[in-house]
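The analysis underlying the following values was restricted to heavy atoms, covering all of them including side chains, and did not include hydrogens, waters or symmetry mates.
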Amino acid sequence: MNKIKNIGVLTSGGDSPGMNAAIRAVVRASIYYDIEVTGFIRGYEGLINNDCMAMDRKSVANIIQRGGTILKTARSEAFKTVEGRQKAYKNLKDKDIDALIVIGGDGTFTGANVFSKEFDLPIVGLPGTIDNDLAGTDFTIGYDSAINTVVDAVDRIRDTAESHDRLFIVEVMGRDSGLIALRSGIGVGAEAIMIPEANMNVDDILHKLEHSRKDKASKIIIVAEGDDAGGAFKVGEILQEKYPHYDTKVSVLGHIQRGGKPTCMDRVLASRLGVAAVEGLINGESCVMAGQVNREMTFTPFDQAIKHIDAEKVSSRWLKLIDILSF
């Protein structure tokens with residue numbers, strides 16, 4: 001076992017509900033194991049600018065239910081340079097910080113992977129992203145909250161759609177991944193779900209509409225923002241031209257998917273992963289992401305976790321389920 005005396009913690013990249021719960025778990029687990037904790041403000045920018053604070057129980061009181069991140073977050077161009085990383089490492093050494101926990105997504109882990117290998121610094125990552133696009137964990141922190149936000153919003157949209165016999169195209173987040181669209185679309189009973197992984201185009205949507213029930217008052221189509229079809233507005237224009245009798249509307253949910261209180265599932269997941277990260281560092285883990293697979297805590301090397309979506313997350317069985325339920 002390694003004797004870790006001071007752990008630095010930061011959040012980086014896009015925020016996600018549950019990040020505060022993860023920070024809380026890291027701080028409380030560190031205190032439990034008699035380890036000091038230093039929080040860095042605005043991610044890797046905080047490392048470079050030496051913008052940090054000592055953290056204790058009071059620092060993380062009453063935050064488990066809050067969205068966003070009390071440590072703030074940012075994307076750092078300076079950290080992509082050797083000079084920036086050298087400055088960050090010097091700041092860590094000057095404060096006698098001998099390990100780091102980073103909470104974020106693929107960009108965060110890419111930086112951590114380089115940083116850890118460059119300076120032989122133990123780093124463990126926590127998957128904090130609403131996209132659920134990392135391998136090595138069944139779910140990422142924030143994904144459950146995001147899809148529940150989508151479901152709530154689309155349920156409200158359907159009320160209006162049914163009142164006016166409208167066709168709604170709803171765009172959800174997922175620049176490189178359709179996993180938010182996939183589960184939320186099934187959850188709201190969408191007539192069609194357009195995700196990059198399914199290779200569905202507008203012609204497929206037209207076919208579904210032509211063979212759908214004619215007496216259905218409303219129709220909802222969920223589109224992932226990264227879909228090759230060009231996004232909700234392009235899809236809406238094509239459908240309006242083809243089916244002028246439909247009152248077609250487009251709704252882009254945008255950043256409301258990142259905000260709000262985390263669900264219980266995300267709070268529990270973040271808490272388990274935060275403790276696992278601290279215990280992992282104590283036991284010599286480094287350059288890995290802590291995750292949950294089949295309800296068990298696991299560690300996956302950064303270079304395997306980044307942008308390697310598990311095939312099971314978008315398997316043919318999911319795609320068939322969409323076809324069956326939207327028939």
Side-chain angles (χ1 to χ4, degrees), residues 1-12 18-44 46-66 69-73 88-104 108-109 111-113 115-128 136-137 141 262 266-292 295-302:
M1 293 176 65
N2 294 342
K3 181 54 181 174
I4 302 293
K5 296 180 180 179
N6 192 337
I7 293 175
V9 61
L10 60 85
T11 52
S12 175
M19 280 186 165
N20 281 327
I23 295 168
R24 174 181 178 270
V26 168
V27 171
R28 294 202 168 195
S30 297
I31 294 171
Y32 178 86
Y33 287 108
D34 197 26
I35 298 171
E36 295 181 25
V37 193
T38 302
F40 286 88
I41 311 301
R42 293 183 177 83
Y44 293 127
L47 285 186
I48 294 171
N49 298 326
N50 207 21
D51 187 3
C52 61
M53 60 180 180
M55 303 191 76
D56 54 20
R57 287 185 179 87
K58 188 176 180 181
S59 304
V60 294
N62 200 32
I63 68 168
I64 194 171
Q65 79 281 9
R66 290 170 55 183
T69 163
I70 62 167
L71 292 178
K72 308 296 184 183
T73 184
Y89 181 72
K90 181 179 184 303
N91 290 335
L92 289 173
K93 290 294 102 180
D94 288 346
K95 286 187 162 43
D96 294 322
I97 295 172
D98 39 27
L100 195 61
I101 292 176
V102 297
I103 308 169
T108 302
F109 295 165
N113 196 32
F115 193 47
S116 179
K117 291 176 179 178
E118 245 175 5
F119 299 100
D120 194 26
L121 178 72
I123 302 180
V124 171
L126 298 185
T137 187
I141 299 167
D266 273 328
R267 298 182 199 192
V268 173
L269 175 65
S271 298
R272 290 192 70 192
L273 291 177
V275 172
V278 173
E279 292 179 339
L281 287 172
I282 292 172
N283 292 320
E285 295 286 354
S286 181
C287 225
V288 295
M289 179 196 78
Q292 177 179 280
R295 301 181 183 178
E296 297 295 328
M297 295 295 100
T298 62
F299 293 99
T300 302
F302 282 140

Do F40 and L92 make a side-chain contact, defined as non-hydrogen atoms from C-beta onward lying under 4.5 Å apart?
yes
Quick one: are V9 and L100 in side-chain contact, heavy atoms under 4.5 Å?
no
Mind checking whether V288 and T300 have side chains closer than 4.5 Å, heavy atoms only?
no
Spacing of T137 atom OG1 and F299 atom CZ [to the nearest 0.5 Å]
11.5 Å
About how many Å separate OG1 of T11 and CD1 of I141, when rounded to the nearest 0.5 Å?
11.0 Å
Value for CG (N113) from CD (E118), rounded to nearest 0.5 Å, stands at 10.5 Å
A112 and V102 have their tightest heavy-atom pair at CB-CG2, 4.0 Å
Closest heavy-atom pair, I35 versus N6, reported as atoms and distance to 0.1 Å, is CG2-N, 3.9 Å
Over 12 non-hydrogen atoms of neighbours within 6.0 angstrom of NZ in K93
yes
Any side-chain to backbone donor/acceptor pair from D56 onto K58? Under 3.5 Å, distance only.
yes
Can you find a pair of side-chain heavy atoms, one from C287 and one from K117, that are under 4.5 Å apart?
yes
List the steps and the verdict of side-chain contact (heavy atoms from CB on, under 4.5 Å) for I4 and Y33.
CA-CA 9 Å; I4 302 293; Y33 287 108; over 6 Å; no
Mind listing the closest non-hydrogen atom pair of A25 and A270 along with its distance?
CB-O, 4.0 Å
Do I7 and V278 make a side-chain contact, defined as non-hydrogen atoms from C-beta onward lying under 4.5 Å apart?
yes
Please check: side-chain N/O of N283 versus main-chain N/O of E279, any donor-acceptor pairing under 3.5 Å?
yes
Polar side-chain atom of N20 near backbone of R66 as donor-acceptor pair, under 3.5 Å:
yes
I need the E36 CD to S30 OG distance, nearest 0.5 Å.
10.0 Å
For residues I97 and G8, report the shortest heavy-atom separation together with the two atoms involved.
CG2-N, 3.5 Å
What is the distance from atom CZ of R272 to atom CE of M297, rounded to the nearest 0.5 Å?
3.5 Å
Which heavy atom in G18 sits nearest to a heavy atom in P262, and how many Å separate them?
N-CB, 3.6 Å
Atom pair CG/CD1 of L10 and I41 - distance to nearest 0.5 Å
10.0 Å
Steps toward side-chain contact (heavy atoms from CB on, under 4.5 Å) verdict (V60, R28):
CA-CA 8 Å; V60 294; R28 294 202 168 195; 4.2 Å; yes
Above 12 or not: heavy atoms from other molecules or residues under 6.0 Å from CG of D34?
no
Less than 4.5 Å apart, any side-chain heavy atom of L71 and any of M55?
yes
Once the angle between the rings of Y89 and F115 is folded into 0 to 90°, is it parallel (under 30°), tilted (30 to 60°) or perpendicular (over 60°)?
perpendicular
Steps toward side-chain contact (heavy atoms from CB on, under 4.5 Å) verdict (V26, L126):
CA-CA 10 Å; V26 168; L126 298 185; 4.2 Å; yes
Which atom pair, heavy atoms only, marks the closest approach of A21 to I64?
CB-CG1, 3.8 Å
Kindly indicate whether the side chain of R267, heavy atoms from C-beta on, has any atom under 4.5 Å from the side chain of Q65.
yes
One pair to check against side-chain contact (heavy atoms from CB on, under 4.5 Å): I70 and I23. What are the steps and the verdict?
CA-CA 9 Å; I70 62 167; I23 295 168; 4.1 Å; yes
Does a side-chain heavy-atom distance below 4.5 Å link Q292 with T298?
no
